[in-house]
Amino acid sequence: MSERVREGSPPSDRPGRRPRTAAGAGAALGALTFVAYLPGLGRSLDFDSAQTVGMFVRPGPPWAAFTRQAVLNNHPFFSFLEQLVRMGTGSGGAATMRVLPILCGALTVAVLTWFTVRRHGLVAGVVAGTFVACNPTFATLSRSVRGYSLLTLCAVVSTVIVARDDGRPSRRRDVAYVAVAGVGLATHLYMVPVLAAHVGAVLARRQLGRAWRLRFLGALTVAAIAYVGMAGPMVGGMRSHAKVFQSRLPWRVAEMVTGGGWATVVLLPLVVAGAVLLLSGPLGSGHAGPRPARGAAVALVAVLGVLWAALQSSALTERFFVWLVPGAAYLAAVAVARVPVGALAVVPWTALVATSTLPSYTDDPTAYRVAAQVIRAANASGARSCVVAVGVAPMLAYLDSPREFAAIDDPSHLGRCDVVVVAAWWQTQERWFAADNRVIAAAERTFPHRTVLGQGDPALVLSTRPLPAA
């Protein structure tokens, strides 16, 4: 060995684990996840996905994804990759756009399963992969046109790189970490807590030398390049949200991570037991002591505490922490490795989460696609179509403005419309949309014909005459 491995450095994976078994388990569970996420590929886009496609993916060229922002809804590197998908396939449709996030979700499951099998055995690895693949929030976000599954994939892969670091110089590891961590941060700013955990682990192993300093700096540089063109709108967007202390946010995040409802009751004890085992001492032959895990935990809790108690943004929501799902799954796997009977919890947990996800698994989440068909039919009949401002962004995923519809944000503009579409109708319940509500109220007084499209998140159509057949 050219250089002595410093105290606290993680040793190689547990002796006796067959790499082929780990790779095979990861590939199999990842492939199953990919196939399981495909049903409903062409269903309509949800609000955030439609906004992503309409504002950041359909408009080209690809590098424009790094110059546009609306509050913090653009996940820049993900939007850039989807631009490449759109150009390469010649299609910006919902089915095409969903393939990349589904692939990232499946790869997340594959990598976590592979790593856990290497560390804790086949049963524990399959348990970890199953808990991630079936998590309702992770599955939903992986099947949306958003960057959350890419963020989670980068969080898992970069954490594996940190965990497997043996302290020896490696140009390959340098490049891999900078690329993966940098892409994760360039996709979503909530990669910052993950990087903080990595710093905590490296400090606890006493490895924060030149190599790791350059890796962290490289990742930050990659992210800075992605955000520099949209820094102004991002700062303005963050300032636009009022400070609200969300006292229940930690519990909501815990529920999201463990499945919610009775599923949380089943899984949470395993996660807690795994955390105690991981932080209290070595897990057996071939594993590092608890010091790196403790360092990572302290750093992570500190950053999350600042985000919750100090930032207090009203926009802070549990989906921003979806990258914690693989971490909770890994902790459950640690507990299963110590007490194998714990693997039986997968059966009731999977049944419980299935009851909340499967009934609407392939349903259209919004009426945007139907509203677009109505507008096209109205235009073909000679009518003038308008969309109230709150719904303009999602409708841009399906239509072009001003060629196919005019955006209106004031009651005085209604005179130029024969058909008024309120696409994101549910959004108007929020206090931010007072101006839109004034337009809607005036339109309801002006237009005699009123049609509600779809269910769940419906669209409202107001018109001067009965709508033509779409």
Sequence neighbours excluded - side-chain hydrogen bond (donor to acceptor under 3.5 Å, both in side chains) pairs with any residue from [range]:
| range | result |
| --- | --- |
| residues 54-63 | Arg58-Asp400 |
| residues 88-105 | Ser91-Thr96 |
| residues 195-204 | Thr159-His198, Tyr177-His198 |
| residues 212-233 | Asp165-Trp212, Asp174-Arg215 |

Could I get the full list of salt bridge (Lys or Arg N to Asp or Glu O under 4.0 Å) partners for [X], not counting sequence neighbours?
| X | answer |
| --- | --- |
| Asp363 | none |
| Arg319 | Asp48 |
| Asp46 | none |
| Arg43 | none |

Does any part of the side chain of [Y], heavy atoms only, come nearer than 4.5 Å to the side chain of [X], both counted from C-beta?
| X | Y | value |
| --- | --- | --- |
| Thr187 | Tyr148 | no |
| Thr116 | Val334 | no |
| Val222 | Val178 | yes |
| Met191 | Ser158 | yes |
| Phe245 | Trp308 | yes |
| Phe216 | Val202 | yes |
| Arg164 | Phe115 | yes |
| Leu185 | Leu195 | yes |

Just jot down the side-chain contact (heavy atoms from CB on, under 4.5 Å) partners of [X], sequence neighbours excluded, or say none.
| X | answer |
| --- | --- |
| Leu324 | Val253, Val257, Leu300, Phe321 |
| Arg86 | Val57, Gln83, Met97 |
| Ala254 | Trp251 |
| Val266 | Ala345, Pro348, Trp349, Leu352 |

Without swapping roles, check the side chain of [X] against the backbone of [Y] for a donor-acceptor pair under 3.5 Å.
| X | Y | result |
| --- | --- | --- |
| Tyr37 | Ala133 | yes |
| Asp457 | Asp364 | no |
| Thr350 | Val346 | yes |

Let me confirm one number: the [atom1]-[atom2] distance from [X] to [Y], rounded to the nearest 0.5 Å.
| X | Y | atom1 | atom2 | answer |
| --- | --- | --- | --- | --- |
| Leu100 | Ser149 | CG | OG | 7.0 Å |
| Trp323 | Leu153 | CH2 | CG | 15.5 Å |
| Leu103 | Phe34 | CG | CZ | 6.0 Å |
| Gln246 | Thr317 | CD | OG1 | 7.5 Å |
| Leu279 | Arg291 | CG | CZ | 14.0 Å |
| Arg143 | Ser49 | CZ | OG | 11.0 Å |

- Item | His75/Phe56 aromatic ring centres below 6.0 Å |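 Between Phe56 and His75, which both carry aromatic rings, the centre distance is not below 6.0 Å.
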- So, do His188 and Phe320 have ring centers that fall under 6.0 Å from each other?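 Distance test on ring centres: under 6.0 Å, yes.
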- So, Gln69 and Asn74: side-chain donor and acceptor under 3.5 Å apart, yes or no?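 No.
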- Message: Salt bridge check, Asp166 against Arg205: does any charged N sit closer than 4.0 Å to a carboxylate O?
- Response: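 So Arg205 does not pair with Asp166 through a salt bridge.
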